[in-house]
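Here is how names work: the chains are called A, B, and so on, in the same order as the sequence lines, proteins then strands, and each is numbered from 1.
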Number of protein chains: 2
Amino acid sequence: MPRAADPTVAASLVEAAARLLATEGPAALSTRRLAREIGASTMAVYTHFGGMDDLVRAVVRAAFDHLAAELDRVPVTDDPLTDLAQLGLAYRRNALADPHLYLAMFGPHPDLPYQPTEADRVHGLRTFTTLVQAVQRCLDADPLAPAAGTPDAAGRIAAQVWAAAHGAMTLELAGFLDDDGATFTATTLAVLVGVGLLPDNPSQ
Amino acid sequence: MPRAADPTVAASLVEAAARLLATEGPAALSTRRLAREIGASTMAVYTHFGGMDDLVRAVVRAAFDHLAAELDRVPVTDDPLTDLAQLGLAYRRNALADPHLYLAMFGPHPDLPYQPTEADRVHGLRTFTTLVQAVQRCLDADPLAPAAGTPDAAGRIAAQVWAAAHGAMTLELAGFLDDDGATFTATTLAVLVGVGLLPDNPSQ
DNA sequence: CACGATACATAGCACCGTTATAACCATGGG
DNA sequence: CCCATGGTTATAACGGTGCTATGTATCGTG
């Protein structure tokens with residue numbers, strides 16, 4: 001066996017890329033800048049990753065893992081509807097904490113040198129399972145809900161909740177909303193009411 | 001007076017940029033490529049626009065105008081709920097017709113040399129008025145709707161509908177959904193039910 | 001210990017956006 | 001009618017990008 005690659009170099013690259021993306025935006029992501037940042041040459045990007053796009057891919061996957069961990073930190077209580085609300089807030093908090101990274105997660109990304117592959121999407125959908133489970137707990141707690149019993153009800157409802165939250169989040173980050181998350185919560189709540197998981201006149 | 005700028009050159013640049021963006025993606029947008037495309041030098045981008053970013057800005061504004069025209073083409077009938085559904089379908093059709101352009105409209109865009117300004121957002125929100133008017137017609141037709149009467153009900157509801165549609169559209173374009181628009185229609189319908197514009201058990 | 005495969009550094013290629021310079025040319029004033 | 005004015009345009013260059021070819025250093029194995 002030949003010389004082994006220094007795993008700390010790869011980790012440093014991912015860390016530096018995520019940090020530069022967060023603090024200076026995608027424009028700061030360049031092989032030379034990264035090399036300078038970690039005290040190596042630009043070749044490090046090509047030996048440890050195939051190129052710039054695979055490095056960004058690793059950053060995005062790490063971002064999905066981070067989001068999944070944040071969502072898993074939301075405690076599971078005996079009120080699954082409150083759990084769902086907390087998941088939504090955690091989702092928005094994660095996006096606001098690092099908008100560039102959040103936007104990088106949801107390609108196709110015009111100018112980031114990264115086009116998500118099918119494997120990337122499968123990996124990203126893993127984050128989705130926490131939400132599906134929470135929806136399933138809501139359906140279990142309320143067997144009279146209209147959707148309960150239909151095939152893959154939890155998955156389909158979770159997809160709608162995710163779409164609503166993601167849409168409001170994207171519009172907010174783009175600057176089209178300026179309501180401190182009011183549309184975010186209103187939209188996700190409206191979806192929950194619409195699918196029958198929340199009563200028409202929620203007391204909260 | 002000196003030599004006047006040829007307006008056809010500016011129009012050709014916007015047309016070529018939109019075409020290249022649609023057919024080859026944002027990576028094909030370069031001053032040299034555009035100059036070759038319209039048979040001029042790269043300076044054309046800088047005399048007619050301030051630079052690459054202002055050219056993309058013009059393309060995005062044209063895209064918003066195109067979307068607004070598409071939405072305005074949806075006929076106004078005596079069934080405002082059907083009108084809303086048709087607006088949603090037109091919105092999705094427009095996005096699927098040119099995904100790159102659609103994504104370019106909703107910055108902040110990582111790698112496109114274009115950061116939307118406040119003026120751009122105001123311009124983009126003009127597209128929004130058609131949706132707000134359709135929601136208002138729904139509220140007028142159903143004075144018993146829960147939200148009717150609250151301040152700016154149409155605007156707030158329209159924002160939620162837009163967020164839901166945009167979120168489902170973005171996820172679909174990113175490849176996270178593969179259901180031919182099922183989540184798109186389900187999410188927007190759920191929001192309409194949630195805000196009280198549609199009955200719980202829509203007959204359709 | 002020596003071999004060979006691999007990590008890494010250097011230098012270079014083709015491309016990018018942008019800009020300085022100079023030539024061009026349509027126009028308004030004399 | 002002619003000419004000076006000044007924006008338009010082309011050319012060339014600067015610093016930057018991703019990436020690759022080449023050479024060297026370094027490690028794991030036999």
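Heavy atoms of A:Ser41 sit under 4.0 angstrom from at least one base atom. Within 4.0 Å (heavy atoms only), B:Ala44 reaches no atom of the nucleic acid at all.
In the set D:dT20, C:dA9, C:dC16, the nucleotide with an atom closest to the side chain of A:Thr42 is D:dT20. Side-chain atoms of B:Val9 lie closest to D:dT9 of the nucleotides C:dA11, D:dT9, C:dC16. Checking D:dA21, D:dT8, D:dT11 against the side-chain heavy atoms of B:Thr47 singles out D:dT8 as nearest. Nearest to the side chain of A:Tyr46, among C:dT10, D:dA10, D:dC19, sits D:dC19. With D:dT17, D:dC19, D:dT9 as the candidates, the nucleotide lying closest to the side chain of A:Met52 is D:dC19.
Rounded to whole Å, the distance from CZ on B:Phe49 to C1' on C:dT19 is 19 Å. Going from atom CZ of B:Arg33 over to atom C1' of C:dA14 covers 16 Å, rounded to whole Å. Following rounding to the nearest Å, A:Leu34 (CG) and D:dC19 (P) show an atom-to-atom distance of 12 Å. Rounding to whole angstrom units, CZ of residue B:Arg36 and C1' of C:dA14 are separated by 13 Å. Counting to the nearest Å, the P atom of D:dT8 and the CG atom of B:Leu13 are 13 Å from each other. Put simply, CE on B:Met43 is 16 Å from P on D:dA13, counting in whole angstrom units. Here C:dT19 presents its P atom at 10 Å from CG of B:Asp53, a figure rounded to the nearest Å.
Taking a cutoff of 4.0 Å between a charged side-chain nitrogen and a carboxylate oxygen, B:Asp54 and B:Arg57 qualify as a salt bridge.
The shortest side-chain heavy-atom distance between B:Leu34 and B:Thr42 does not fall under the 4.5 Å cut-off. At least one side-chain heavy atom of B:Phe49 sits under 4.5 Å from a side-chain heavy atom of B:Val14.
When the side-chain nitrogen and oxygen atoms of A:His48 are compared with OP1 and OP2 of C:dC8, one or more of them lie within a distance under 4.0 Å.
Judged by distance alone, with hydrogens and angles left aside, the side-chain atoms of A:Asp83 form no donor-acceptor pair with the main-chain N or O of A:Val76 at under 3.5 Å.
Counting only N and O atoms by type, the side chains of A:Asp65 and A:His123 include a donor and acceptor under 3.5 Å apart.
For A:Arg32 and D:dG16, a side-chain-to-base donor-acceptor distance below 3.5 Å is absent, hydrogens and geometry of angles not being considered.
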